[in-house]
Amino acid sequence: MSVLPDPAVVAGLDHWRQLEARQQPTWPDAGALHEATTRLAEVPPLVFAGEADRLRELLAAASRGEAFLLQGGDCAETFAELSADSIRDKIKTILQMAVVLTYGASMPVIKMGRMAGQYAKPRSSDTETRDGQTLPAYRGDIINDYAFTPASRIPDPQRLLEAYHNSATTLNLIRAFTQGGFADLRLVHDWNRGFMTNPAYAQYDAFATEIDRAIRFMKAAGADFDALRTVEFFSSHEGLLLDYERPLTRIDSRTGHPYDCSAHFLWIGERTRQLDGAHVDFFSRVHNPIGVKLGPTTTVDDALALMDTLNPEGEAGRLTFVSRMGASKIRDLLPALVEGVKADGRPVTWVCDPMHGNGFTSDNGYKTRQFADVIDEVRGFFEVHRAAGTVPGGLHVELTGSDVTEVLGGSEEIDQEALTRRYETRVDPRLNHQQSLEMAFLVAEMLRGS
Ligand code: PEP
Ligand code: CO
């Protein structure tokens, strides 16, 4: 039976238009924007309400320590990089990490890509100046082009539709890879064995051998490996560009609730989480599981007010707080937030983003991060939750499946000189395939300590 939409609920979905919406482009042509958003409101949804509900249940399990979230992908996807290989390599990396984490945590790992829609970027400045020329900042492929020319940087609403189609293509391949046999546990385990042949990773040998034994034990005991040929995989991106998110929001005919059908999970960024702002208002009205990034300036009152607005009833799995404090600050700043939320009593899924608080510019001019800082922030995250008796529920990372050289360190010791070799990101530096797997081994050990 279908439920008719409540006109007040539908009208509420546009309330954000009366509020301040930060980080939005100035579209030069209102007619073209109208045309694009009208079309977007007609196209099929990318995900279904029932899938988002399923994810909410899994995230609820993560809030209780019965599952662990692994969310990873590019800082910014680009139209040019859309290819079967790049999608496959990212999926492969996430699946490989997930096997290691599942073993370390002895619990299910929820697999989620920063994929199939991660096209809009918040910027610290509205403009960019190079050699005396100032142009509008690049805001992600969904808005303008990266090339530093006046024409490229003009926001173009046709890009909303291009982003939608690219997201659909990406999601289609994700669904094929994760349902069609590519995610088979035996295959993923073999890839991990391949990774371990590099002597740089000898320190993880004992752990990898244990996983190998566990899989052989499962086989001997007659485990149904065919049931492990498919995995659930969810999509997510920062819900930044409201002219994209609003038209892709649909009323679920089963319940009458609105869902943002651009992805299973949307998060509100550090720069757009103002309590009286457009983003918090809009996402308070959709039924997907929602995340909010919490940086070093977050107060306990901010966190509680976000809970009041985004999850007043305290439904488990609805609200995820993604802390991104920086390795040097997390042990000082996270405890108060965690204690404040714990005292409130309403459930939150706590996830660690060890990337965005650890950026700096290298001496040779690259925006980078130290692998050791990334790992140290995760370690701090576990320490803080252990001390508070709360649950470290997951990891949010920027990674890619290829051999880029964007983050310093790791066992293969990427140094400043190496940054010049394959630095390909448009925005933030990503862990490469090897660094991602190494991180999985290190975090698996932390999880096992629990
Ligand atoms: C991001 O996730 O790429 C990002 C911009 O993060 P934050 O909002 O935490 O700065
Ligand atoms: Co980023």
Side-chain angles (χ1 to χ4, degrees), residues 58-72 94 97-112 203-204 206-208 210-211 267 291-296 298 300 303 316-317 319-343 347-358 369-399 407 409-411 431 435-450:
L58 293 171
L59 291 169
S63 76
R64 297 188 296 267
E66 296 162 13
F68 190 77
L69 172 70
L70 172 60
Q71 183 178 14
I94 293 171
M97 292 175 79
V99 167
V100 176
L101 292 170
T102 304
Y103 185 78
S106 300
M107 49 177 147
V109 169
I110 307 161
K111 298 158 217 42
M112 193 192 285
Q203 57 171 313
Y204 309 114
F207 201 98
E210 270 185 55
I211 302 180
W267 75 87
V292 186
K293 294 281 200 92
L294 302 181
T298 316
V300 175
L319 182 60
T320 295
F321 279 155
V322 185
S323 67
R324 32 88 86 219
M325 301 293 173
S328 63
K329 299 191 182 133
I330 184 161
R331 291 169 182 85
D332 294 332
L333 300 178
L334 189 60
L337 296 183
V338 165
E339 293 290 355
V341 169
K342 181 182 167 188
V348 157
T349 308
W350 284 103
V351 167
C352 176
D353 166 357
M355 315 301 294
H356 290 90
N358 293 313
R369 296 162 173 151
Q370 284 283 1
F371 183 77
D373 292 342
V374 170
I375 298 301
D376 188 43
E377 178 153 1
V378 183
R379 211 176 284 290
F381 175 76
F382 276 91
E383 285 167 17
V384 169
H385 282 287
R386 298 248 155 84
T390 47
V391 177
L395 200 56
H396 178 120
V397 280
E398 288 184 343
L399 58 79
V407 170
S411 285
L431 299 175
Q435 289 169 326
S436 301
L437 275 177
E438 181 162 12
M439 171 183 228
F441 276 103
L442 291 165
V443 176
E445 278 164 7
M446 296 177 208
L447 276 162
R448 191 144 68 160
S450 55

- Rounded distance [0.5 Å steps], CZ in R386 versus CZ in F381: 10.0 Å

- Message: Can you give me the closest heavy-atom contact between L337 and V300, atom names plus distance?
- Response: CD2-N, 3.7 Å

- Item | Side chain proximity check, L70 to M112, heavy atoms < 4.5 angstrom | no

- Item | Any side-chain heavy-atom pair of E383 and M446 under 4.5 Å | no

- Task: Considering non-hydrogen atoms only, spot the tightest contact between P347 and S63 and give its length.
- Result: CB-OG, 4.4 Å

- Task: Side-chain contact test, heavy atoms from C-beta onward, threshold under 4.5 Å: evaluate it for M97 versus K111 and give yes or no.
- Result: no

- Nearest-0.5 Å distance, CE of residue M355 to CD of residue E398: 5.5 Å

- Message: Quick check for you: to the nearest 0.5 Å, what is the distance between T390 atom OG1 and H385 atom NE2?
- Response: 5.0 Å

- Item | side-chain contact (heavy atoms from CB on, under 4.5 Å) between S411 and Q203, intermediate numbers included | CA-CA 10 Å; S411 285; Q203 57 171 313; 3.4 Å; yes

- Salt-bridge test for K329 and E377: reply yes if a basic N is under 4.0 Å from a carboxylate O, no otherwise. no

- Query: Just wondering, do Y103 and V109 contact through their side chains at under 4.5 Å, heavy atoms?
  - Reply: no

- Message: Using only atom types and a distance under 3.5 Å, with no angle test, would you say the side chain of E66 pairs donor to acceptor with the backbone of L58?
- Response: no

- Message: Can you tell me how far apart CG (L319) and OG1 (T349) are? Round to the nearest 0.5 Å.
- Response: 7.5 Å

- At their closest point, which heavy atom of V374 faces which heavy atom of P354, and how far apart are they? O-CB, 3.3 Å

- Smallest heavy-atom separation, N358 atom then R369 atom, equals O-CG, 3.5 Å

- Query: How are the rings of F441 and Y204 set to each other: parallel, tilted or perpendicular (split at 30° and 60°)?
  - Reply: parallel

- Task: Considering non-hydrogen atoms only, spot the tightest contact between V378 and V443 and give its length.
- Result: CG1-CG2, 3.9 Å

- Message: L59 vs L69, test: side-chain contact (heavy atoms from CB on, under 4.5 Å). Steps then yes/no.
- Response: CA-CA 7 Å; L59 291 169; L69 172 70; 4.2 Å; yes

- Heavy atoms, side chains only, cut-off 4.5 Å: are R324 and L294 in contact? no

- Given V341 and F321, is the side-chain contact (heavy atoms from CB on, under 4.5 Å) satisfied, shown in steps? CA-CA 10 Å; V341 169; F321 279 155; 4.1 Å; yes

- Message: Whether D376 and R331 form a salt bridge (side-chain N of Lys/Arg under 4.0 Å from carboxylate O of Asp/Glu) is what I want to check.
- Response: yes

- How long is the span from the CD1 atom in I110 to the CG atom in L101, to the nearest 0.5 Å? 12.0 Å

- Item | Separation of E438 CD from F371 CZ (nearest 0.5 Å) | 4.0 Å

- Heavy-atom distance under 4.5 Å between the side chains of V292 and V322, does that happen here? no

- Query: Is any side-chain heavy atom of L334 less than 4.5 Å from a side-chain heavy atom of W350?
  - Reply: yes

- Shortest non-hydrogen separation from I94 to L399 and the atoms involved: CG1-CD1, 4.3 Å

- Item | Donor-acceptor under 3.5 Å (E339 side chain, A388 main chain) | no

- Any ion pair linking E210 and R448 (charged N to carboxylate O, less than 4.0 Å)? yes

- Task: Would you check if M439 and I375 make a side-chain contact, meaning some heavy-atom pair closer than 4.5 Å?
- Result: yes

